[in-house]
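For the numbers below, each heavy atom of this structure counts, side chains included, while hydrogens, waters and symmetry mates do not. Residue indices begin at 1 and follow the sequence shown.
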Amino acid sequence: MLIAGTVIADPETVIPDGAVVVEGETIAAVGDAESLREEYPDRERRELDIVAPGLVGGHVHSVQSLGRGIADDAALLDWLFDAVLPMEAAMDADATRAAAELGYLECLESGTTTVVDHLSVNHAGEAFEAAVETGIRARLGKVLMDKESPEGLIEDTDAALAESESLIREHHGAAGGRVRYAVTPRFAVSCTEACLRGCRDLADSYDGVTIHTHASENEDEIAAVEKDTGMRNVLWLDEVGLTGPDVTLAHCVHTDEAEREVLADTDTVVTHCPSSNMKLASGIAPVQDYLDRGITVALGNDGPPCNNTLDPFTEMRQASLLGKVDARDPTRLPAPTVLEMATTNGARAAGFDRLGTLREGQRADVIGLTTDRTRATPLHDPLSHLVYAAHGDDVTFTMVDGEVRYDDGEHVGIDADAVRERATRHAKRVVDEAGIETAEL
């Protein structure tokens, strides 16, 4: 396929009349459209307005999609223990499958081609199957919780680790390597030392398995960890082996100098979730300081109950604006830096190589956006538009591994209307069973 338009190949390269040629799962060529049309005269052609790399959701919760809007305007630990965890505990296998499908479809139709997905304790296999079916690229894992957790989610340590290992054997590397496993303890508050150390041992036992958890999102969380361990959160995670180049830590809003040195020295990846951090009033992560230290920072939406949308363009805009106002400096986190966070840095968080740019030899994860919008007029700078003005619903084309998954408003190979109907039905039942009050419709 030859995909033509204004090509944003990477944060530094825009080809005004460009094209991307895809062969199988790989990008074969990128360059001037006219030249590539002559070189590849028999290729199926698509004409799009803007062509860009697929974006990476460096931290999402697909299975929380059933809880969009159930816990607005609440503090983190109240939000988690009074609403989100009871909802997860009430979810059966069918509800989990519907939630994961719903989340992945929202990502694909919004330009996210890869997710680092933090699931739940139960029925994680359903999400792996949903990832395979919908065609998204995914790094995901079952959540582990063996202390300070509600009934229905708290587990025996050995049983939690054993189930995780079983899921690795069954699903890691599925769909030709498009779906991969991350060992996923929820966070230090809900995991014993034995569980956390066991997560490191488990990840080390299998090639290509990574670790994904939350860290230092909220000051109450940090105080709880320090009370239990005598150490600040990131230092404790380092002590039990949960830092390193194969570890992605979501949030890292509140870190001190020693913790930032550990993150840099261990080459640990941080995922910044600006909308979630603002909505839960968790604080402002020191993103520019992390980047200045050489720490890889990706971008994530977090979950629908603490963001309400999985739109990656919203997250790019929020990240840039929040960084500027935090520093009182309009030059901080410019558009190219933020796009890098959402693409190549996200690929690092997800543990996939050859991903994040439109270059020969890269994986063929490509998105297209329309500029047939009033807010796209005039279009002086396509890169600026992508970061500051575009929305997820501008996406008209999504390709993952060379396969078209979303095209002109329609998902390919899956009945999106049926997914939305099932998700709506399961959401009502799950929220009712969890005893969560919602607005009367």
Side-chain angles (χ1 to χ4, degrees), residues 25 54-66 88 91-143 163-164 166-184 206 208-212 248 250 271 298 300-304 310 312 346-347 349-353 355 363-367 398-406 411-416 418-420 422-423 426:
E25 300 174 356
L55 303 179
V56 180
H59 175 67
V60 304
H61 292 270
S62 68
V63 300
Q64 290 180 7
S65 294
L66 302 188
E88 289 186 16
M91 291 172 65
D92 60 14
D94 289 341
T96 302
R97 179 63 172 267
E101 288 177 345
L102 185 70
Y104 296 152
L105 292 191
E106 183 181 355
C107 287
L108 289 169
E109 67 189 42
S110 303
T112 297
T113 56
T114 301
V115 291
V116 184
D117 194 2
H118 199 282
L119 302 175
S120 188
V121 169
N122 303 315
H123 314 299
E126 298 292 334
F128 281 90
E129 293 179 9
V132 171
E133 181 181 2
T134 58
I136 201 165
R137 189 184 303 282
R139 171 77 67 174
L140 59 165
K142 163 196 158 47
V143 166
E163 184 180 354
S164 298
S166 178
L167 288 165
I168 292 171
R169 291 176 174 174
E170 184 175 0
H171 297 290
H172 181 55
R178 176 169 53 78
V179 176
R180 301 180 184 178
Y181 202 90
V183 182
T184 311
Y206 292 89
V209 170
T210 63
I211 296 171
H212 175 211
T248 295
T271 295
N301 289 86
D302 211 350
L310 296 177
F352 287 91
D353 61 2
L355 194 68
R363 301 175 192 271
D365 286 16
V366 185
I367 61 173
T398 303
M399 171 182 281
V400 183
D401 254 358
E403 296 287 336
V404 179
R405 299 298 182 178
Y406 182 73
H411 288 274
V412 178
I414 190 164
D415 186 341
V419 171
R420 287 188 283 265
R422 287 197 302 273
H426 284 295

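- When all heavy atoms are compared, the tightest approach of P312 to G111 is CG-C, 4.5 Å.
- By the 4.5 Å heavy-atom criterion applied to side chains, V412 and R405 are not counted as neighbours.
- Counting only heavy atoms from C-beta outward, the side chains of D365 and M399 never approach each other to under 4.5 Å.
- A donor-acceptor pair under 3.5 Å is formed between the side chain of T271 and the backbone N or O of G58.
- Looking at heavy atoms from C-beta onward, V115 lies out of side-chain contact with S62 at the 4.5 angstrom threshold.
- H172 has its ring centre no less than 6.0 Å from the ring centre of Y181.
- How far NE2 of H59 is from CZ of R139: 15.5 Å, rounded to the nearest 0.5 Å.
- For R97 (side chain) and A127 (main-chain N/O), no donor-acceptor pair under 3.5 Å exists by modelled atom type.
- Annotation: side chain of V60 is not in contact with side chain of D302 (no heavy-atom distance under 4.5 Å).
- Donor-acceptor pairing under 3.5 Å is lacking for the side chains of T96 and E126.
- Closest non-hydrogen pair, A99 versus L66, comes out as CB-CG, 3.6 Å.
- Between H212 atom NE2 and T248 atom OG1 the span is 6.5 Å, to the nearest 0.5 Å.
- Rounding to the nearest 0.5 angstrom, the gap separating the CD atom in E101 from the CD atom in E129 is 9.5 Å.
- Of the inter-residue distances, the one linking L102 atom CG with T134 atom OG1 reads 11.0 Å to the nearest 0.5 angstrom.
- By the 4.5 Å heavy-atom criterion applied to side chains, I414 and E133 are counted as neighbours.
- Taking the ring centre of F352 as origin, the terminal cationic atom of R363 falls outside the region bounded by 6.0 Å and 45° from the ring axis.
- Taking both residues in full, the closest heavy atoms of R178 and I136 are given as NH1-O, 2.5 Å, listed atom of the first, atom of the second, then distance.
- D94 and H426 are not linked by any side-chain donor-acceptor pair at a separation below 3.5 angstrom, with hydrogens and angles left out of the test.
- Side-chain contact between V400 and L108: present, with at least one pair of heavy atoms (C-beta onward) separated by less than 4.5 Å.
- In this pair, H171 and F128 present their aromatic rings parallel. The plane angle is below 30°, not in the 30 to 60° band.
- Taking OG1 of T184 as the start and NE2 of H118 as the end, the distance is 5.5 Å to the nearest 0.5 Å.
- The CE atom of M91 sits 8.5 Å away from the CD atom of Q64 when rounded to the nearest 0.5 Å.
- Residue A100 comes nearest to A130 through the heavy atom pair CB-CB, 3.9 Å, listed as atom of the first residue, atom of the second, then distance.
- Side-chain atoms of N301 and H61, non-hydrogen and from C-beta on, never get closer than 4.5 Å to each other.
- Contact detail for V132 and A174: the closest heavy-atom pair is CG2-CB, 4.2 Å.
- The shortest distance between side-chain heavy atoms of D117 and Y104 falls below 4.5 Å.
- Under a 3.5 Å cut-off, the side chain of K142 and the backbone N or O of V121 do form a donor-acceptor pair.
- Closest heavy-atom contact between G57 and T112: N-CG2, 3.6 Å.
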**Prompt:** Hey, mind stepping through L55 and T113 against side chain to side chain contact (heavy atoms under 4.5 Å, CB included) and telling me if it holds?
**Reply:** CA-CA 6 Å; L55 303 179; T113 56; 6.0 Å; no
